[in-house]
Amino acid sequence: MDYKFTYYGTSDFSAQILQGLVQSGLTPQLVISTLAKPAGRNLTVHSTPVSQLAASLGIEIWEVSNLKSVEQPAKIAARAHQFAILAAFGKIIPAAVLGCYPGGIINVHPSLLPLYRGPSPIQYAIKDGAAETGVSLIVLDNEIDHGPIIAQSACALMPVDDAVTLANKLAPLAVKLLLDNLPGYLNGLITPKPQNHLQATFSKMISRADGQADFNKTALAIGRQRRAFTPWPGLWTYWREKRLKLIDVAVFDYQDTPGKVSLINNQVVISCGQGSLAVKLLQLEGGKQLTAADFSRGHKDFIGSTL
RNA sequence: CGCGGGGUGGAGAAGUGGCAUCUCGCCUGGCUCAUAACCAGGAGAUCGUGGGUUCAAGUCCCACCCCCGCAA
């Protein structure tokens, strides 16, 4: 396939898709990503995963802060290709930019639209305990994740999947979906079908608070929460005024007061509203990740405390 | 100069100027039909690195290295 197109993306997931496309011989002429921002300790500047990948592949990159400005759409129009592919770009695409591409902008969305529109479809599918999810290819329109569907592919969501492993499954699926359907769409053999908007559900931007554990909930729900919000913000609570991250937990059949930490069969167990969670790995603020056994060896009052 | 916590036997922790401590692991012996059990004894640490203060520094001061949480 010898297409000329622009790729819009920002996140690590988006970089995985770009990588897959390039490996399949589908290399964009231009990559548009967002600006490198100060991040991490000491606020050092990091460019986006997509930007880094494009740089290593020698693809031309534009880093933009905002597409809404007056001059950006004009600049993009001057360099527009037949079509564009967009995956996890993170910025709203204004109508002026949409109109630049005769073939439209094809959006890769990691859910079975109209389910889980919005910025966090992978996390929300896990959090809800959905049995399956997938990837959708839609043509971008003026509303978020609202355009007609070119193609979809489903993927079973396993009870052990977290946001990372699921993304790792969905990215190759997205690449395959693009390779299989791009020709048909571009030459008019595939007519995108409108979504059933009445069935739409929405995901919200994730914040740190999404990871805070509420031990009155069921162990199953908290376990899903942990998988959904891995690696960020993770599942966390407070212990002795310090943040305690529960890195890895498993549902455990035991019942006590919610939040109570016990040692059952040599397992460190936190009781929940229904059932318990066996803690495998945890991390106290300022410390590194430890097994629950190592942690409770040094913090003797952890067992028996209530979170 | 974004804010903050930390580096102590193999693992995890206590220890704010005066003998280096606890739990686990390890070694030896004992006990038990048996268990991630119990009992007795033992080995193992130049307290992250380099300076400084002091009669005396894990502890106070200065610099550096490394790990981590927050915020973005």
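All chains are named by letter (A, B, ...) in the order of the sequence lines, taking the proteins before the strands, and each is independently numbered beginning at 1.
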Problem set entry | Side-chain donor/acceptor of A/Asp294 to base of B/A11, under 3.5 Å | no

Exercise. Atom CG of A/Asn265 to atom P of B/U35: distance rounded to whole Å?
Worked result: 17 Å

Exercise. Can you find a heavy atom in the side chain of A/Val139 that is under 4.5 Å from one in the side chain of A/Pro192?
Worked result: yes

For this session: Figure out the CG/P separation between A/Leu244 and B/C68, and round it to whole Å.
Result: 17 Å

Exercise. Who does B/G69 pair with, Watson-Crick or G-U, both distances under 3.5 Å?
Worked result: B/C3

Exercise. What is the distance, rounded to the nearest whole Å, between atom NZ of A/Lys37 and atom P of B/G2?
Worked result: 17 Å

For this session: Assert yes or no for the condition that the ring centre distance of A/Phe295 to A/Phe302 is strictly below 6.0 Å.
Result: yes

For this session: Ignoring hydrogens and angles, answer whether the base of B/G69 and the side-chain atoms of A/Arg41 contain a donor-acceptor pair closer than 3.5 Å.
Result: yes

For this session: Determine the contact category for A/Asn42: base if any of its heavy atoms lies under 4.0 Å from a base atom, sugar-phosphate if only primed atoms, P, OP1 or OP2 are that close, otherwise nothing.
Result: base

Exercise. If you measure from the Lys or Arg side-chain nitrogens to the Asp or Glu carboxylate oxygens, is any gap between A/Lys217 and A/Asp214 under 4.0 Å?
Worked result: no

For this session: In whole angstrom, give me the gap between the C1' atoms of B/U16 and B/C47.
Result: 15 Å

Problem set entry | Watson-Crick/G-U partner (both atom distances under 3.5 Å) of B/U53 | none

Exercise. Which nucleotide, B/C67, B/G2, B/C70, lies nearest any side-chain atom of A/Arg243?
Worked result: B/C70

Problem set entry | Closest to side chain of A/Lys300, choosing from B/G69, B/U23, B/A11 | B/U23

Seminar exercise, completed: Scanning all shown strands, the Watson-Crick or wobble mate of B/A45 with both distances under 3.5 Å is none

Exercise. How far does the P atom of B/A13 sit from the matching atom of B/G29, given to the nearest Å?
Worked result: 33 Å

Problem set entry | C1'-based separation of B/A34 from B/C38 [nearest Å] | 13 Å

Exercise. Distance between the C1' atoms of B/C22 and B/A45, in whole angstroms?
Worked result: 15 Å

Problem set entry | For atom CZ of A/Phe302 and atom P of B/C22, their distance in whole Å | 24 Å

Problem set entry | Between B/G18 and B/C26 - P atom distance, rounded Å | 35 Å

Exercise. A/His299 NE2 to B/G6 P: how many Å, rounded?
Worked result: 11 Å

For this session: May I have the distance from A/Trp239 (atom CH2) to B/G12 (atom P), rounded to whole angstrom?
Result: 16 Å

Exercise. Between A/Leu235 (CG) and B/G69 (C1'), how many Å, whole number?
Worked result: 16 Å

Problem set entry | side-chain N/O A/Arg297 vs B/G25 OP1/OP2, d < 4.0 Å | no

Exercise. So what does A/Lys242 hit on the nucleic acid, given a heavy-atom distance under 4.0 Å: a base, only sugar-phosphate, or nothing?
Worked result: sugar-phosphate

Exercise. Under 4.0 angstrom, heavy atoms only, what part of the nucleic acid is A/Gln289 near: base, sugar-phosphate, or nothing?
Worked result: nothing

Exercise. Name the one of A/Thr34, A/Val50, A/Val97, A/Val64 that satisfies side chain to side chain contact (heavy atoms under 4.5 Å, CB included) with A/Tyr8?
Worked result: A/Val97

For this session: Using the C1' atom on both, measure B/C61 against B/U53 and round to a whole Å.
Result: 7 Å

Seminar exercise, completed: Picking from B/A72, B/A36, B/C67, the nucleotide nearest the side-chain atoms of A/Ala39 would be B/A72

Problem set entry | Rounded distance (Å) that lies between atom P of B/G69 and atom CG of A/Leu282 | 13 Å

Exercise. Mind checking the P distance from B/A63 to B/A56? Whole angstroms is fine.
Worked result: 23 Å

For this session: Scan every strand shown for a Watson-Crick or G-U wobble partner of B/A13, both distances under 3.5 Å, and answer none if you come up empty.
Result: B/U21

For this session: Give a yes or no on whether A/Gln152 atom CD has more than 12 heavy-atom contacts from other residues, nucleotides or ligands under 6.0 Å away.
Result: yes

For this session: Would you please classify the geometry between the A/His146 ring and the A/His197 ring as parallel, tilted or perpendicular, with 30° and 60° separating the classes?
Result: parallel

Exercise. Checking all strands, does A/Leu290 fall into the base, sugar-phosphate, or nothing category for heavy-atom contacts under 4.0 angstrom?
Worked result: sugar-phosphate

Seminar exercise, completed: 5'-most contact on RNA chain B (nearest-nucleotide basis), A/Glu285 vs A/Arg240, goes to A/Arg240

For this session: Quick one: look up who B/C38 pairs with, Watson-Crick or G-U, both distances under 3.5 Å, and put none if it's unpaired.
Result: B/G30

Seminar exercise, completed: RNA chain B nearest-nucleotide lookup for A/Gly40 and A/Phe295: closer to the 5′ end is A/Phe295

For this session: For B/A72 versus B/U8, give the span between their P atoms, rounded off to a whole number of Å.
Result: 32 Å

Exercise. So do the side chains of A/Leu137 and A/Ile149 get within less than 4.5 Å of each other, counting heavy atoms only?
Worked result: no

